[in-house]
Amino acid sequence: MTAFDFMNRNSAEFDAIRHDLHAHPEIGLEEHRTSAIVAEKLAEWGIEVHRNVGRTGVVGVLRSGSGNRSVGLRADMDALPMQEENTVEYRSTTPGMMHACGHDGHTTMLLAAAKYLSETKNFDGTVNFIFQPGEEGVGGAKAMLEDGLLERFPSDALFGMHNKPGLPVGKFAIRSGPAMAGGAFFDITIKGKGAHGARPEDGVDPVMVAGHMITALQSIVSRNIPPSEVAVLSVTKMAGGDAYNIIPDTATLGGTVRCFSSAIMTQIQELIERTITNVAAAFGARASLDFRLIFAPTINDPEHADAFAGAAEALVGEASVDRNTEAAMGSEDFSFMLEKTPGAYILVGGGEGAAPHHPRYNFNDATTPYGAALYATIVEKTLPARAAG
Ligand SMILES: [Zn+2]
Ligand SMILES: [Zn+2]
């Protein structure tokens, strides 16, 4: 039986798991019930279970044969702090929380692959099933890495996926190299000197300095980054003062930077620092920067992207795999794992429906057999079983 047949034959079981997770969403790093269910299922299928890897993270380890090569498969488990508007029977039972990004589906697909691989063991080596908490901007990948994920469960390659509404069910999309942007948030504090609004000569106006700073910051990407590179710097927040006749002491700016290379991210950070320090100094003020890298750029290693695309083609045919999909300005924290271990991230078709993070988004159950079978197939292709005898 092929992995895809197995997934279809057992679809009622897997859909039931997904619907149960959907009805009981838990936000990032608080996936206590979810991770307990994951651990219980893995144990039931004879897979070695390690809990609390990065708070609520779970790792399952499955060995077959005598090979010493290893593959890590990663899925995320967290929901979002938002109110569900779907009316399905299994809609969220927790007010203000919902699985609006399909991580209930991702968790289910990886569980389904684990069940299949534990029964068939048609591979030679070790599979690490990585159930990651807190993908939605709360540091779940970093928490697992800080807990020794890659040292305790070393993998030669890592593979992950995300569902994509708008891409038909049964299709996959991937690209080699930079696939998703890295993202940073920044806050700038400008210290001036307060004064009466009618006597500016007594003070140093941080609001006026902020105005010059916003303009100067817009020259960073346009005048320093090669036009062949993609980068965005947006100032999205400004605050300072609360009276009509008082020049305040302090003003603040905030915003985000997105780009596809760690070197460019570092360059932009340094240029922000230089720009704000010197613009402030020109007016007799001082400025400080708090720059926080939230997501690294997601970089697909060419060899592993090719292998992942090949596994998808084996499943659905060449015509249904887009090997050169557009890079996305969105971000994904699997990037921090791919910085340490080569691998690839693929998009699996979610068909018609609302976009992720929409109150009427719902993971498509029809996607499950494809994603689950791909997780299984990449293991069988990367760790081929030795011929018997
Ligand atoms: Zn999301
Ligand atoms: Zn997501």
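Just the heavy atoms: all of them, side chains too, but no hydrogens, waters or symmetry mates, feed the values below.
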Can you classify the ring geometry of [X] versus [Y] as parallel (below 30°), tilted (30 to 60°) or perpendicular (above 60°)?
X      : Y      : answer
Phe6   : Tyr116 : perpendicular
His22  : His99  : tilted
His212 : Phe283 : tilted
Phe159 : Phe308 : tilted

**Request:** Tell me, with the steps shown, if Tyr90 and Arg18 meet side-chain hydrogen bond (donor to acceptor under 3.5 Å, both in side chains).
**Result:** CA-CA 9 Å; Tyr90 57 87; Arg18 213 275 292 176; 3.0 Å; yes
Validation row: [X], [Y] side chains within 4.5 angstrom (heavy atoms):
X      : Y      : answer
Met109 : Phe363 : yes
Val127 : Val61  : no
Ser155 : Val71  : no
Asp333 : Ser331 : no
His357 : Glu136 : yes
His162 : Met180 : no
Phe291 : Met265 : yes
Met213 : Leu253 : yes

**Prompt:** With Phe129, which of Leu62, Leu111, Val59 fulfils side chain to side chain contact (heavy atoms under 4.5 Å, CB included)?
**Reply:** Leu62
**Fill in**
Here the pair of heavy atoms bringing Gly72 nearest to Ile130 is CA-CD1, 4.3 Å
Taking only Lys NZ, Arg NE, NH1 and NH2, and the carboxylate oxygens of Asp or Glu, determine whether [X] and [Y] approach each other closer than 4.0 Å.
X     : Y      : value
Arg63 : Asp124 : no
Arg55 : Asp147 : no
Asp20 : Arg33  : yes

Can you see whether [X] engages [Y] through a side-chain donor-acceptor pair at a distance of less than 3.5 angstrom?
X      : Y      : value
His50  : Glu48  : yes
Thr298 : Glu332 : no
Ser11  : Arg9   : no
Asp5   : Thr2   : yes

Starting at [atom1] of [X], measure out to [atom2] of [Y] and round the result to the nearest 0.5 Å.
X      : Y      : atom1 : atom2 : answer
Lys164 : Asn364 : NZ    : CG    : 14.5 Å
Asp202 : His196 : CG    : NE2   : 10.0 Å
Ile299 : Ser176 : CD1   : OG    : 10.0 Å
Gln132 : His106 : CD    : NE2   : 12.0 Å
Leu150 : Leu158 : CG    : CG    : 6.5 Å
Asp15  : His19  : CG    : NE2   : 5.0 Å

**Prompt:** Residues sharing Val232's hydrophobic cluster, by side-chain heavy-atom contacts under 4.5 Å among ILVMFWY, directly or via others?
**Reply:** Val230, Phe260, Met329
**Message:** For Arg360, run the salt bridge (Lys or Arg N to Asp or Glu O under 4.0 Å) check against Glu85, Glu84, Glu352 and tell me which one passes.
**Reply:** Glu85
Could you pull out all donor-acceptor pairs under 3.5 Å where a side-chain atom in residues 311-322 meets a protein atom, sequence neighbours excluded?
unit_1, atom_1, unit_2, atom_2, d
Glu313, OE1, Arg323, NH2, 3.3
Glu313, OE2, Arg323, NE, 2.8
Asp322, OD1, Asn324, N, 2.9
Asp322, OD1, Thr325, N, 3.4

